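Everything numeric in this text was worked out from a predicted model, so none of it was measured.
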Amino acid sequence: EEAKEIVLEKAEVKAKDVVFAKAKKEYDDLRVVYDIDFKTDEAKYDAEVDATSGKVTEWEVEKIKAKTEENLKLKLRLKRRRKYHLKKQT
């Protein structure tokens, strides 16, 4: 739990805005680390926290592209379906 708090603070996000994909203790080159993967609506994060010092030893952030165009296309398809079904009923 402390490792999760460390990475949330580094990412400047709140726990309620995050989905954790992985948070597990591992051994890496004779060190104990926590490997933590999580995502928000805006980015995916991959972090490694040293279990002894609490320092973040690896940090990767991948921004998630806005899906606005995809959402607009979906809304348009749904609108067309509704019109089709309304015409069919009359």
Side-chain angles (χ1 to χ4, degrees):
E1 285 301 308
E2 189 176 333
K4 286 182 181 180
E5 291 175 21
I6 291 168
V7 295
L8 290 174
E9 186 176 322
K10 180 168 179 67
E12 299 178 350
V13 296
K14 296 179 182 177
K16 67 180 179 89
D17 299 326
V18 167
V19 175
F20 284 95
K22 177 172 61 170
K24 65 180 184 176
K25 187 187 259 186
E26 295 182 344
Y27 296 90
D28 183 27
D29 295 330
L30 303 174
R31 297 180 305 129
V32 180
V33 298
Y34 291 99
D35 186 12
I36 302 174
D37 295 348
F38 63 100
K39 76 179 217 175
T40 66
D41 289 338
E42 299 172 358
K44 294 179 184 179
Y45 298 83
D46 183 8
E48 184 180 275
V49 179
D50 186 286
T52 305
S53 68
K55 291 183 180 180
V56 177
T57 54
E58 289 185 21
W59 185 255
E60 289 182 32
V61 181
E62 178 185 337
K63 296 288 181 185
I64 298 172
K65 293 181 182 178
K67 295 183 179 180
T68 54
E69 186 177 329
E70 184 178 311
N71 290 343
L72 290 173
K73 287 179 183 177
L74 177 61
K75 285 179 183 180
L76 183 60
R77 277 184 287 193
L78 291 172
K79 189 175 181 180
R80 286 179 183 157
R81 283 186 192 162
R82 283 189 210 112
K83 280 185 179 180
Y84 173 77
H85 289 290
L86 287 174
K87 284 182 181 178
K88 203 173 180 184
Q89 291 175 354
T90 55

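- Note on Glu48 versus Arg31: salt bridge recorded, some NZ/NE/NH1/NH2 to OD/OE distance being below 4.0 Å.
- A salt bridge links Glu26 to Lys24: one of the charged nitrogens lies within less than 4.0 Å of a carboxylate oxygen.
- Ring planes of Phe38 and Tyr45: parallel class, angle under 30° (limits at 30 and 60°).
- Nearest heavy-atom pair, Lys4 versus Ala23, reported as atom, atom and distance to 0.1 Å: CE-CB, 3.6 Å.
- Remark: Asp28 CG is packed, more than 12 non-hydrogen atoms of other residues, nucleotides or ligands lying under 6.0 Å away.
- Within 6.0 Å of atom NZ in Lys55, 12 or fewer heavy atoms from other residues, nucleotides or ligands are found, so the atom counts as exposed in its surroundings.
- When side chains are defined from C-beta on, Asp35 counts as touching Lys22, because their heavy atoms get closer than 4.5 Å.
- The shortest distance between side-chain heavy atoms of Val49 and Trp59 does not fall below 4.5 Å.
- Counting heavy atoms from C-beta outward, Val18 and Lys39 have side chains that stay 4.5 Å or more apart.
- For Asp50 against Thr52, the heavy-atom pair with the smallest separation is OD1-N, 2.8 Å.
- Across all non-hydrogen atoms, the minimal contact from Gly54 to Ile6 is O-CD1, 3.4 Å.
- The pair Lys44-Asp37 does not meet the salt-bridge criterion, since no charged nitrogen lies less than 4.0 angstrom from a carboxylate oxygen.
- When all heavy atoms of Val7 and Ala47 are compared, the pair lying nearest together is CG1-CB, 3.6 Å.
- Note: the hydrophobic cluster containing Leu8 also contains Val56 (ILVMFWY, side chain heavy atoms under 4.5 Å, direct or indirect links).
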